[in-house]
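Because the structure is predicted, anything quoted here is derived from the model rather than measured.
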Amino acid sequence: MPRTARRRSASDIYHVIARGINKEPIFKQKREKNNLIRLLLKHLKDHDIEILAYVIMSTHFHILIRVDLKLLSNYLAIVLAEFAEYYNYKHNRNGHVFQDRFKSECVETERYFWNCLRYIHMNPVNANLVKNPLNYNFSSLKEYQTEKSRIIHPKAIEIYKSEFTDFEEYLEFHSKGQKQVFIDVPEEMEMQLVKAAVMILKQKAHILGLEGPYEIIENRELRERFKVQLREELKLTKAKTERLYRDVKSCIIGK
């Protein structure tokens with residue numbers, strides 16, 4: 001079956017994720033994270049590519065990147081191939097290192113851009129690796145703090161400074177919740193959905209002047225309206241909405 005062609009972003013900005021095969025922690029060690037950084041930098045030279053944010057986790061990495069679609073595929077194909085060769089050599093193994101081809105989504109609005117950038121930087125916090133995103137050494141957040149670009153393009157810092165008064169305001173922005181769901185490893189996407197649904201539920205309870213979100217769950221008419229809202233806002237099927245509702249209910253009342 002032929003692969004689905006990637007859609008070209010109107011802004012030429014993409015959110016990209018690549019994952020180790022069989023959930024393997026291919027970036028578990030610092031040397032492996034550093035080698036990926038080296039390869040990203042090595043192949044940035046002489047190309048019209050702007051990396052705007054990144055984070056390297058143990059099993060996968062995220063990049064927010066501005067680049068022509070064809071060049072994106074060529075750039076990452078080289079980076080991933082060289083990393084796979086390095087990884088197989090270091091671990092005395094053969095075969096694929098990454099799970100299928102990398103995934104990408106188009107980033108075409110300013111709101112989606114900032115929310116996606118925040119999601120990337122908050123990955124280590126959401127994974128309970130650190131409490132403060134600044135304490136994670138393999139993301140672009142510190143480059144924004146120091147205003148010294150290593151991997152990210154200097155334009156990224158210019159964009160950030162035009163939007164935020166100072167770094168403290170930028171960091172505070174990272175602590176805010178969001179209802180959007182971004183591409184990630186499957187288990188992380190499920191967590192995103194639950195968090196987004198709980199946020200929608202709490203906002204609905206607040207707007208209705210209720211004591212708490214549990215009142216919506218306990219009222220048949222209100223919970224059915226909530227399910228409709230979930231389906232529309234998160235673009236879910238009816239079956240997926242019902243499964244998500246059960247997870248939300250468990251989070252709120254433990255049943």
Could you walk me through whether Tyr54 and Glu143 pass the side-chain hydrogen bond (donor to acceptor under 3.5 Å, both in side chains) check? CA-CA 10 Å; Tyr54 69 89; Glu143 294 187 41; 2.9 Å; yes
Criterion salt bridge (Lys or Arg N to Asp or Glu O under 4.0 Å) on Glu218 and Lys249, from CA distance to verdict: CA-CA 10 Å; Glu218 293 175 350; Lys249 180 181 177 183; over 6 Å; no
Strictly distance-based, threshold 3.5 Å: is any side-chain N or O of Asn123 a donor or acceptor partner for the main-chain N or O of Val55? no
Side chain to side chain, Leu72 and Ile65, heavy atoms closer than 4.5 Å: yes
Test ring-ring contact (aromatic ring centres under 6.0 Å, His included) applied to His174 - qualifying residues, sequence neighbours left out: His121, Tyr170
Taking only residues two or more places apart in sequence, or in another chain, which ones meet Glu172 in a side-chain contact (heavy atoms from CB on, under 4.5 Å)? Ser175
A quick test of your reading: do over 12 heavy atoms of other residues, nucleotides or ligands sit less than 6.0 Å from CZ of Arg150? no
Between Glu82 and Lys42, is the salt bridge (Lys or Arg N to Asp or Glu O under 4.0 Å) condition met? List the steps. CA-CA 11 Å; Glu82 287 195 19; Lys42 173 184 175 182; 3.1 Å; yes
Check whether any side-chain heavy atom of Asn115 sits under 4.5 Å from a side-chain heavy atom of Phe113, and report yes or no. no
Return yes when atom NE2 of His96 has more than 12 non-hydrogen atoms of other residues, nucleotides or ligands closer than 6.0 Å, and no otherwise. no
So which atom in Ile216 and which in Ala205 form the shortest heavy-atom distance, rounded to 0.1 Å? CD1-N, 3.6 Å
Here the pair of heavy atoms bringing Phe83 nearest to Asn35 is CD1-ND2, 3.8 Å
Could you label the plane-to-plane angle of the His15 and Tyr119 rings as parallel, tilted or perpendicular, counting under 30° as parallel and over 60° as perpendicular? perpendicular
Does Ser149 reach the main-chain N or O of His153 with its side chain, forming a donor-acceptor pair under 3.5 Å? no
Is the shortest side-chain N to carboxylate O distance from Lys90 to Glu32 below 4.0 Å? no
Any sub-3.5 Å donor-acceptor pair from Asn34's side-chain atoms to Lys30's backbone N or O? yes
With the threshold set at 4.0 Å, does a side-chain nitrogen-carboxylate oxygen contact exist between Arg7 and Glu108? yes
Between Phe164 and Trp114, what is the ring plane arrangement, given parallel below 30°, perpendicular above 60°, and tilted in between? perpendicular
Is it the case that the side chain of His47 and the backbone of Ile49 share a donor-acceptor pair, with hydrogens and angles ignored and the cut-off at 3.5 Å? no
From Asn135 atom CG to Leu129 atom CG, the distance as rounded to the nearest 0.5 Å: 11.5 Å
Could you grab the distance from atom OG1 of Thr237 to atom CZ of Arg231, nearest 0.5 Å is fine? 9.0 Å
Does Thr146 use its side chain to pair, donor to acceptor, with the backbone of Lys142 at less than 3.5 Å? yes
Determine the interplanar angle of the His60 and His62 rings, folded into 0 to 90°, and report it as parallel if under 30°, tilted if 30 to 60°, perpendicular if over 60°. perpendicular
Closest heavy-atom contact between Val248 and Val194? CG2-O, 4.4 Å
Partner residues of Arg220 under the salt bridge (Lys or Arg N to Asp or Glu O under 4.0 Å) criterion, sequence neighbours left out: none
Is the positively charged end of Arg6 above the ring of Phe102, judged by distance under 6.0 angstrom from the centroid and angle within 45° of the axis? yes
Which residues share a side-chain contact (heavy atoms from CB on, under 4.5 Å) with Lys131, sequence neighbours left out: none
Cation-pi between Lys33 and Phe138: NZ/CZ under 6.0 Å from ring centre and within 45° of the ring axis? yes
Drop me the distance from Ile151's CD1 to Leu41's CG, to the nearest 0.5 angstrom. 5.0 Å
Rounded to the nearest 0.5 Å, the CD1 atom of Ile252 sits from the CD1 atom of Ile217 at a distance of 5.5 Å
Distance under 6.0 Å and angle within 45° of ring axis: Arg118 vs Phe173: yes
Is Tyr14 reaching over with its side chain to a backbone N or O of Lys103, donor-acceptor style, under 3.5 angstrom? no
Pairs in or reaching into residues 161-171: which pass salt bridge (charged side-chain N to carboxylate O under 4.0 Å, His left out), with residues at least two apart or in two chains? Glu147-Lys161
State whether Lys227 and Glu242 are salt-bridged, where the test is any N-O pair (Lys NZ or Arg NE/NH1/NH2 against Asp/Glu carboxylate O) under 4.0 Å. yes
Going by heavy atoms in the side chains, are Ile37 and Ile56 under 4.5 Å from each other? yes
Could you walk me through whether Glu224 and Tyr245 satisfy the side-chain hydrogen bond (donor to acceptor under 3.5 Å, both in side chains) test, starting with their C-alpha distance in whole Å, then the side-chain angles of each, then the deciding distance to 0.1 Å, before giving a yes or no? CA-CA 10 Å; Glu224 291 305 317; Tyr245 171 75; over 6 Å; no
Heavy atoms from other residues, nucleotides or ligands near NE2 of His206 exceed 12 (cutoff 6.0 Å): no
Could you tell me the separation between the CD1 atom of Ile120 and the CG atom of Leu64, rounded to the nearest 0.5 Å? 4.5 Å
Salt bridge (charged side-chain N to carboxylate O under 4.0 Å, His left out) pairs touching residues 57-66, sequence neighbours excluded, are Glu50-Arg66
